[in-house]
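So that the names make sense, note that chain A is the first sequence line, chain B the second, and so on, each numbered from 1.
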Amino acid sequence: MRLTLPDGSVRAFDGPATGRNLASSISKGLAKQAVAVEVDGALADLDRPIARDAKVRLVKAGDPEALPLLRHDCAHVMAEAVQDLFPGTQVTIGPAIENGFYYDFARDEPFSTDDLARIEARMAEIVKADKPFRREEVSREEARRRFADTGEGYKLELLDAIPEGEPVTLYHQGDWFDLCRGPHGPSTGRIGAFKLTKVAGAYWRGDAKNAQLQRIYGTAFASEKDLKAYLARIEEAERRDHRRIGREMDLFHVQEEAPGCVFWHAKGWTLWRAVEDYVRRRLDRAGYAEVKTPQLVDKVLWEKSGHAALFGSDMFFLEADEKRTYALKPMNCPCHVQVFNQHQHSYRELPLRMAEFGSCHRNEPSGALHGIMRVRAFTQDDAHIFCTEDQITGETQAFCDLLLSVYRDFGFTDVRIKFSDRPAVRAGDDAVWDQAEGALWDAIRATGLDVILNPGEGAFYGPKLEFVLRDAIGRDWQCGTLQVDIVLPERLGASYIGQDGAKHRPVMLHRAILGSLERFIGVLIEHYAGRLPLWLAPVQAVVATVTNEADAYALEVVQRLQAAGVRAVADTRADKIGYKVREHALAKVPLLFAVGAREAEAKSVSLRRLGSQAQESLSLDDALALCQRDTMPPDA
RNA sequence: GCCGCAGUAGCUCAGCCGGUAGAGCAACGCAUUCGUAAUGCGUAGGUCGGGGGUUCGAAUCCCUCCUGCGGCACCA
């Protein structure tokens with residue numbers, strides 16, 4: 001039997017060999033380091049016999065492929081520790097995830113944070129005991145018998161879900177075993193460094209209708225150093241938290257009386273306006289016409305549109321009048337159709353692009369609220385494109401171009417696109433969905449961009465593209481969207497006159513680039529850790545005096561800056577320049593001009609940029625030119 | 001909405017076993033006029049998340065509601 005290594009060399013064995021055999025045949029060191037083997041691209045246990053000729057690669061402890069394996073090992077160790085310490089607890093599932101692993105347990109009593117320390121201690125013993133992981137293939141009946149013996153009802157359910165014909169495998173470590181597909185590392189002793197991080201509730205099989213289990217999260221790394229680096233990353237994320245920075249920079253607040261609603265302070269609103277003004281210019285140039293529609297609309301319209309039936313549980317209704325029920329709009333689309341319907345349209349007017357910075361209210365579940373990222377009152381950079389089916393492709397392409405260019409201007413270059421197709425609860429029949437999904441697929445294929453399928457996640461009225469951007473520390477945020485809708489124009493009677501003189505239904509494309517301004521601004525804050533690019537910074541420049549003798553000059557500088565369109569303020573307090581430098585640096589002001597007697601005399605300024613210790617002396621005129629240039633929005 | 005945890009001054013937190021609230025920073029006032037990350041002194045600030053209960057007495061114990069946080073579910 002011949003095993004081909006990544007370097008092209010071939011090792012021959014008489015009969016089946018394992019990864020461990022292969023490793024020992026190469027070197028002692030490799031045999032020690034190897035934790036798994038990749039056979040024709042699939043990971044396998046080191047002791048799994050390889051029965052056929054294959055391309056193989058040994059995976060070593062520090063390799064990236066080893067990490068999920070190690071974490072899964074750690075999940076098993078945790079499960080053993082938990083069952084040791086808390087008899088009667090049932091195990092369910094325990095996968096490796098992006099930054100670690102979890103295991104869901106069924107136990108009436110919740111785990112406390114104190115329990116985590118106990119569990120960790122027991123885990124350390126299991127790791128120290130260095131128990132080998134052993135794979136055992138068993139018949140269904142055998143597996144059923146064993147899990148029935150141990151009282152593992154959830155495992156029995158999982159067993160039933162394994163497709164006929166697939167092998168049923170158990171993994172043992174000492175006396176403890178679990179139903180598991182594998183693969184695993186060689187032994188518990190190979191888990192480098194681990195830590196349990198949090199306890200949480202989680203539904204069995206991710207369904208809110210099922211029982212709630214107790215989930216314990218943990219993380220594991222090949223070395224203590226990697227674990228430390230990870231924990232430092234978590235701390236960095238906490239430092240960037242938009243809720244903390246929003247308070248520190250005096251941008252906004254939320255308070256008990258208005259859960260999920262943002263109080264924007266002057267500085268935060270300045271940032272908002274910079275964002276909104278920029279998007280407005282981009283939309284203007286891209287052929288959109290901006291409108292503004294009511295927030296309070298009779299329930300009757302939402303019944304017609306289908307929102308009341310399919311989205312009603314997320315809507316706020318109010319009886320302000322004894323005869324009528326109103327709703328706060330959760331979306332802008334039905335209102336835009338009302339605007340569209342005020343005139344008879346010709347095919348010549350299509351595509352008609354109607355934009356609105358639309359204030360929407362949705363009664364989000366209380367547990368979903370999160371700072372300004374997930375709120376109940378938000379503003380979408382929304383637009384609806386009324387077009388013909390033939391125009392879907394062109395409009396989608398133009399939209400993708402616009403969106404990517406806008407994201408680039410805000411400093412985001414890593415964007416993923418998801419295609420969400422028909423959800424279980426939806427309006428419109430299957431033929432309509434076939435048509436809408438087909439059109440959107442054609443359109444996105446035409447852009448040549450990479451797309452990931454996101455099954456069953458479409459809007460109730462149509463399939464959608466979701467644009468997910470990745471921030472500076474690798475977190476994903478869903479912002480933009482494009483949705484094809486053939487249902488709403490029908491329901492609300494939108495039409496245009498075609499070339500043939502007959503009435504036709506337009507297609508509606510719902511689209512947003514930022515998504516909600518609240519969320520997008522939150523993402524911006526975290527992406528930049530509050531150190532916003534100049535064009536977005538609420539205060540772009542502070543002119544601070546060294547002594548009060550320079551006050552008059554400082555005010556003159558500020559005035560000139562403001563006249564040049566720069567958001568500048570003076571700091572003429574009777575404090576030391578060092579104090580002022582510190583304070584404005586903490587407030588994340590990008591440009592700090594210090595002026596004293598020297599500068600007043602010479603009509604110059606001393607510039608210090610945020611994040612730099614360096615001082616630059618330049619003439620007032622040069623400073624004005626520099627500010628004017630550097631504070632310019634990227635589209636100007 | 002569900003599970004768990006938390007809510008004391010603007011912020012970060014102390015205040016364990018019930019005896020009537022404290023620190024640092026911020027704020028404000030006065031003095032200081034100073035050259036690039038903290039000048040000094042002083043002052044003010046809290047129905048201890050809301051309501052109910054137990055008690056002679058509750059920030060502290062119990063119940064309940066609200067809000068937040070971490071997950072889950074849901075989602076822009």
>> Walk me through whether A:Phe221 and A:Tyr230 qualify under ring pair (Phe, Tyr, Trp, His ring centres under 6.0 Å).
In response: CA-CA 9 Å; A:Phe221 289 89; A:Tyr230 169 73; 5.3 Å; yes
> Does the side chain of A:Tyr553 come under 3.5 Å of the side chain of A:Glu599 through a donor N or O and an acceptor N or O?
Replying inline: no
>> If you compare every side-chain N and O of A:Lys580 against the phosphate oxygens of B:A38 (OP1, OP2), does one of them come in below 4.0 Å?
In response: no
> Do you know which two heavy atoms are closest between A:Met249 and A:Ala587, and how far apart they sit?
Replying inline: CE-O, 3.9 Å
>> From C-beta outward on A:Tyr203, which listed nucleotide comes closest to its side chain: B:A37, B:A73, B:A76?
In response: B:A73
> What integer number of Å spans the P atoms of B:G22 and B:G35?
Replying inline: 40 Å
> Looking at the side chain of A:Glu256, which of B:A37, B:C66, B:G35 is the nearest nucleotide?
Replying inline: B:C66
> How would you label the contact of A:Thr481 with the nucleic acid (heavy atoms, under 4.0 Å): base, sugar-phosphate, or nothing?
Replying inline: nothing
>> Quick test of the criterion, 5.5 Å between centres and less than 30° between planes. Is A:Phe111 stacked on B:G4 or not?
In response: no
> B:G68, B:A38, B:U36: which one has an atom nearest the side-chain heavy atoms of A:Pro259?
Replying inline: B:G68
> B:G4, B:U36, B:G35: which one has an atom nearest the side-chain heavy atoms of A:Val581?
Replying inline: B:U36
> Looking only at atom P, what distance separates B:C41 and B:G49, rounded to whole Å?
Replying inline: 33 Å
>> So A:Ser606, base contact, sugar-phosphate only, or nothing? Heavy-atom distance under 4.0 Å.
In response: base
> For A:Cys479 and A:Leu514, which heavy atoms make the closest approach, and how far apart are they?
Replying inline: CB-O, 3.4 Å
> A:Arg608 side chain N/O closer than 4.0 Å to the phosphate oxygens (OP1, OP2) of B:A37?
Replying inline: yes
> How is A:Ala200 classified with respect to the nucleic acid when contacts are heavy atoms under 4.0 Å: base, sugar-phosphate, or nothing?
Replying inline: base
> Which residue pairs satisfy the side-chain hydrogen bond (donor to acceptor under 3.5 Å, both in side chains) criterion with at least one member in residues 580-592 of chain A, sequence neighbours excluded?
Replying inline: A:Thr545-A:Lys580, A:Asp571-A:His584, A:Arg573-A:Glu583, A:Tyr579-A:Glu583
> Contact class for A:Ala574 vs. all strands (heavy atom < 4.0 Å): base, sugar-phosphate, or nothing?
Replying inline: base
> Across the strands shown, which category fits A:His370 at heavy-atom distances under 4.0 angstrom: base, sugar-phosphate, nothing?
Replying inline: sugar-phosphate
>> Go nucleotide by nucleotide along RNA chain B from the 5' end; which of A:Glu257 and A:Leu213 gets its closest nucleotide reached first?
In response: A:Leu213
> If you look at every strand shown and take non-hydrogen atoms under 4.0 Å, does A:Gly367 touch a base, only sugar-phosphate, or nothing?
Replying inline: base
>> Any residue in residues 586-596 of chain A with a heavy atom nearer than 4.0 angstrom to RNA chain B? Just list them by number, or reply none.
In response: A:Leu586, A:Ala594, A:Gly596
> Considering only B:A38, B:C72, B:G35, which nucleotide approaches the side chain of A:Tyr217 most closely?
Replying inline: B:C72
> Which dot-bracket notation, 5' to 3', represents the base pairing of RNA chain B when pairs are defined as Watson-Crick or G-U with both distances under 3.5 Å, crossing pairs as [ ], and inter-strand pairs as |?
Replying inline: (((((((..((((.....[..)))).(((((.......))))).....(((((..]....))))))))))))....
>> Taking any heavy-atom pair under 4.0 Å as a contact, classify A:Asp575: base, sugar-phosphate, or nothing.
In response: base
> What pairs with A:Arg470 under side-chain contact (heavy atoms from CB on, under 4.5 Å), at least two apart in sequence or on another chain?
Replying inline: A:Asp414, A:Arg416, A:Asp476
> When we call it a touch if two heavy atoms are under 4.0 Å apart, what does A:Lys209 touch: a base, just sugar-phosphate, or nothing?
Replying inline: nothing
> Which pair of heavy atoms, one from A:Thr92 and one from A:Leu158, lies closest together, and at what distance?
Replying inline: O-CD1, 3.5 Å
> How would you label the contact of A:Phe520 with the nucleic acid (heavy atoms, under 4.0 Å): base, sugar-phosphate, or nothing?
Replying inline: nothing
> If the P atom of B:C16 is compared with that of B:C61, how far apart are they to the nearest Å?
Replying inline: 10 Å
>> Taking atom NZ as the centre, does A:Lys292 end up with more than 12 heavy-atom neighbours from other residues, nucleotides or ligands that are less than 6.0 angstrom away?
In response: yes
>> Using the side-chain contact (heavy atoms from CB on, under 4.5 Å) criterion, which residues pair with A:Thr379? Sequence neighbours excluded.
In response: A:Trp272, A:Phe357, A:Ser359, A:Leu517, A:Glu518
>> Can you pull out the residues from residues 235-251 of chain A that lie within a 4.0 Å heavy-atom distance of RNA chain B?
In response: A:Arg243, A:Arg247
>> Quick check: on RNA chain B, is the nucleotide nearest A:Thr113 upstream (toward 5') of the one nearest A:Cys479, or the reverse? Name the residue that is more 5'.
In response: A:Thr113
>> Does A:Val375 reach a base, just sugar-phosphate, or nothing at all? Heavy atoms under 4.0 Å.
In response: base
